[in-house]
Amino acid sequence: MSTRIAFLKGHGTQNDFVIVPDPENALDLPAAAVAALCDRRAGIGGDGLLHVVRSAAHPEAREMAAEAEWFMDYRNSDGSVAEMCGNGVRVFARYLQRAGHVEAGDLAIATRGGVKRVHLDKDGDVTVGMGRARLPEGEVTVSVDGRTWPARNVDMGNPHAVAFVDDLAHAGELLAPPPVAPAGTYPDGVNVEFVVDRGPRHVAMRVHERGSGETRSCGTGACAVAVAAARRDGADPEVTGEASTYTVDVPGGRLMITEYPGGEIEMTGPAVIVAEGEIDEEWLRAAGL
């Protein structure tokens, strides 16, 4: 691995990421290296890492290269690979704009969850087409500190268990993954959202993201929450024939989620680049990179 690696730091509603530009996929980023970079005390710090690669240069994205020039090779903060990250896509798009690869307007980004359509608004917000939600059947429960709630199983390209609670404090510290039953429902882990009502089509949430712990925001989680709330409230666009929009407050800000009668979901929110630099060579050697 080269001993000179550029990086940026960005966030979407305070879901923050280390951004590593690597257009030709020349860097080896093993799980331990990603975890070291995302470490908040000994590294740069982030909820995850956005590895920026041209689709044609990555074996997992070559088939999407005709649709999307750029591939978001997303990793959780523990180094594990993830299918998608909604906040990450917005920050990824903002980086592409900052680097001069794209301009404001429409673009496509390849992810392990498929090609995502993105719109960079001139006012600074970024809208992402998040695809359709799947609602796997079967009862699921989530437990914290002796309390148990039914949860809605929502798949946004990654798995979510959405539980409606009376108080967000009931989610506890969220340092460890909340137990989900039945065992084996999510063999690769699950993102767990705890949700309270704030008003008509307005909710607030906390989330434990698999591989990262509690984060300040989760884009796919906000979409899952909006879908679960719409089904609970009788606002299913497939039934009503009308788009359903929910305001979702997260600890790091606010996201707007719209589900259309055809099933497509759009998420709108901010994306900010806060810093850029170069990783110290001595630190790289010490980390075994």
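Everything numeric in this text was worked out from a predicted model, so none of it was measured.
- Looking only at distances, a side-chain donor or acceptor of S55 sits under 3.5 Å from a matching main-chain atom of A68.
- The two atoms that bring P21 and L8 nearest to each other are CG-CD1, 3.7 Å, heavy atoms only.
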Query - Pair D233-S244, side-chain contact (heavy atoms from CB on, under 4.5 Å): steps then yes or no - result: CA-CA 11 Å; D233 297 342; S244 171; over 6 Å; no
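- Under the 30°/60° scheme for interplanar angles, the aromatic rings of W70 and H101 are found to be tilted.
- Judged by distance alone, with hydrogens and angles left aside, the side-chain atoms of R210 form no donor-acceptor pair with the main-chain N or O of V190 at under 3.5 Å.
- Residues V227 and Y246 fail the side-chain proximity criterion, which asks for heavy atoms closer than 4.5 Å.
- Residues Q14 and D47 come closest through the heavy atom pair O-OD2, 4.0 Å.
- No donor-acceptor pair under 3.5 Å is formed between the side chain of D125 and the backbone N or O of T127.
- R206 contributes a side-chain N or O that, together with a main-chain N or O of L168, makes up a donor-acceptor pair within less than 3.5 Å.
- In summary, D197 and R232 engage in a salt bridge, as defined by a charged side-chain N under 4.0 Å from a carboxylate O.
- Panel note: side chain R94, backbone A271; a donor-acceptor pair is recorded below 3.5 Å.
- At distances below 3.5 Å, not a single donor-acceptor pair connects side-chain atoms of R254 with backbone N or O atoms of D249.
- Contact check on D16 versus K9 returns a salt bridge, with a Lys/Arg side-chain nitrogen under 4.0 Å from an Asp/Glu carboxylate oxygen.
- Between R112 and D73 there is a side-chain heavy-atom pair separated by less than 4.5 Å.
- Under the 3.5 Å distance criterion, with hydrogens and angles disregarded, no donor-acceptor pair is assigned to the side chains of Y74 and N158.
- Taking a cutoff of 4.0 Å between a charged side-chain nitrogen and a carboxylate oxygen, E238 and R231 do not qualify as a salt bridge.
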